Visitor: 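Quick one: the structure is below, questions incoming.
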Protein chains: 2
Amino acid sequence: MNISDASRDSGLPAKTIRYYEDIGLIKPRRLGNGYRDYSDDDLHKLRFLQRSRGLGFSVEDCRVLLSLYEDRNRASADVKQIAKTHLVEIERKIAELQSLQRTLSHLVDACQGDHRPHCPIINDLAG
Amino acid sequence: MNISDASRDSGLPAKTIRYYEDIGLIKPRRLGNGYRDYSDDDLHKLRFLQRSRGLGFSVEDCRVLLSLYEDRNRASADVKQIAKTHLVEIERKIAELQSLQRTLSHLVDACQGDHRPHCPIINDLAG
DNA sequence: ATAGAGCTTCCAGCAACTGGAAGGTCAAGC
DNA sequence: GCTTGACCTTCCAGTTGCTGGAAGCTCTAT
């Protein structure tokens, strides 16, 4: 299977698939003409990467998860640890964004938003 | 005032202050020895940048906000528009992260996290 | 005179792609 | 056999917002 079909199948852009090869996540075989040829196994990995990236795991986390995916003797504790750490980070980001949201929405509400220069938003930013 | 004092005053690293100059956000005068010399006006701008970046505005948004800050004839509507757009983006990100959080926390809860290979997280990622 | 702190510029790198240029390959139609 | 257009390849640069480090000049205190 060539790269555009692999792209359709995995939902990843061809550019991204080549990038994943560059950084050693997958290694499809090459045909005589130099074209990449994706096996079923490669396609499984691409789909796995698409989903784990979609859940916000870093590419380096994905590399580890992929190796655990392929390791029939893995301990589920190892997977869970990565996921928990990621979850904590997501929760931290949510809290951070919610704090910004609170501040900003107060400022937006306080601003008349008319033709006049008076602006509580600017005043707040000016300190 | 030299750059390390400006850094202390604004809460921005000296590297960042130089970077802001590189991209044209501030233009401190130079002393005879080539050192940057920050005026009160420069310091106001740096504090403004520190706060607006702290609220998550992009550097390009900050550039526009800074020009509005300096424009005595600004319309508060222009400021409010930028802030509202940013707020919507923040709310979008929060929703996206909350969706990831829900999915991930379910998966983490479902995983035993022991020495055995069975893992609902991996199974989900595998599709 | 010298040591150490502080300043300068410039170049490289981070994450995770994405866009584009230059050029080889393949399948279809004439 | 030739052309056209859609593929494919590699490589380089750019994105965002800094950050680290090297090489070298300047200033202050001893």
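If you're wondering where the values come from, they're calculated on a predicted model, not measured in any experiment. In what follows, chains are A, B, ... by sequence order, proteins preceding strands, each numbered from 1. Keep in mind that the numbers below use all heavy atoms, side chains included, and drop hydrogens, waters and symmetry copies.
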Visitor: Applying side-chain contact (heavy atoms from CB on, under 4.5 Å), run through A:Leu68 and A:Ile82 and close with a yes or a no.
Guide: CA-CA 11 Å; A:Leu68 289 167; A:Ile82 293 171; 4.0 Å; yes
Visitor: With a strict under 4.0 Å distance from non-hydrogen atoms of chain A, what nucleotide opens and what nucleotide closes the contacted stretch of DNA chain D, reading 5' to 3'?
Guide: D:dC7 to D:dC11
Visitor: Drop me the distance from A:Leu46's CG to A:Asp41's CG, to the nearest 0.5 angstrom.
Guide: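 Answer for the CG-CG pair, A:Leu46 versus A:Asp41, is 10.0 Å.
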Visitor: Side chains of A:Ile26 and A:Ile17, heavy atoms from C-beta outward: is any pair under 4.5 Å?
Guide: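 Yes, close enough: below the 4.5 Å cut-off.
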Visitor: Which ones in residues 87-103 of chain A lie close to DNA chain D, meaning a heavy atom under 4.0 Å from one of its atoms?
Guide: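 Of all residues in residues 87-103 of chain A, none places a heavy atom under 4.0 Å from DNA chain D.
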Visitor: Identify the two heavy atoms, one from B:Arg36 and one from B:Ile3, that lie closest to each other, and give their separation to 0.1 Å.
Guide: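 Minimum heavy-atom separation between B:Arg36 and B:Ile3: CD-CD1, 4.3 Å.
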Visitor: Five pairs per end, C1' atoms only: what is the angle between the end axes of the helix from C:dA1-D:dT30 to C:dC30-D:dG1, to 10 degrees?
Guide: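 Its terminal axes enclose an angle near 30°.
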Visitor: Do B:Arg8 and B:Asp5 sit within salt-bridge range, that is, some charged N less than 4.0 Å from a carboxylate O?
Guide: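 A salt bridge is present here (some side-chain N lies under 4.0 Å from a carboxylate O).
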Visitor: Salt-bridged, B:Glu89 to B:Arg92, with N to O below 4.0 Å?
Guide: yes
Visitor: Below 4.0 angstrom, which residues in residues 23-38 of chain A have at least one non-hydrogen atom near DNA chain D?
Guide: A:Arg30, A:Gly34, A:Tyr35, A:Arg36
Visitor: For a 4.5 angstrom cut-off between non-hydrogen side-chain atoms, does A:Leu107 reach B:Leu55?
Guide: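 A:Leu107 reaches B:Leu55 side chain to side chain.
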Visitor: With a 4.5 Å heavy-atom cut-off, do A:Thr16 and A:Gln50 have their side chains touching?
Guide: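 The answer is no, as the side chains (C-beta and beyond) never meet within the 4.5 Å cut-off.
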Visitor: Rounded to the nearest 0.5 Å, how far does CG of B:Leu31 lie from CG of B:Asn33?
Guide: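 The CG atom of B:Leu31 is 5.5 Å from CG of B:Asn33, to the nearest 0.5 Å.
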Visitor: I need the A:Asp40 CG to A:His44 NE2 distance, nearest 0.5 Å.
Guide: 5.5 Å
Visitor: Mind checking the CG-CZ spacing from A:Leu43 to A:Phe48? Nearest 0.5 Å is all I need.
Guide: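 Spacing of CG (A:Leu43) from CZ (A:Phe48) equals 15.0 Å.
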Visitor: Can you give me the closest heavy-atom contact between A:His118 and A:Asn123, atom names plus distance?
Guide: CE1-ND2, 3.8 Å
Visitor: With a 4.5 Å cut-off on side-chain heavy atoms, are A:Ser105 and B:Leu87 touching?
Guide: yes
Visitor: Under a 4.0 Å heavy-atom cut-off, which of residues 39-69 of chain A touch DNA chain C?
Guide: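 Of all residues in residues 39-69 of chain A, the ones placing a heavy atom under 4.0 Å from DNA chain C are A:Arg53, A:Ser58, A:Val59.
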Visitor: Is any side-chain heavy atom of B:Lys27 less than 4.5 Å from a side-chain heavy atom of B:Glu21?
Guide: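 Counting from C-beta outward, B:Lys27 and B:Glu21 never come under 4.5 Å.
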Visitor: I need the CG-C1' distance between B:Asn2 and C:dG6, as an integer number of Å.
Guide: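 Distance, rounded to whole Å: 8 Å.
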Visitor: Strictly below 4.0 Å, heavy-atom distances to any atom of DNA chain D: list the hits from residues 4-22 of chain B, or just say none.
Guide: B:Pro13, B:Lys15, B:Thr16, B:Tyr19, B:Tyr20
Visitor: Contact between A:Ser39 and A:Arg29 at the side-chain level, heavy atoms closer than 4.5 Å - yes or no?
Guide: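 They are not in side-chain contact.
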Visitor: Identify the heavy atoms of B:Pro120 and B:Ala110 that sit nearest to each other, and give their distance.
Guide: CG-O, 3.3 Å
Visitor: For the pair B:His86 and B:Phe57, name the ring-plane relationship: parallel under 30°, tilted 30 to 60°, perpendicular over 60°.
Guide: tilted
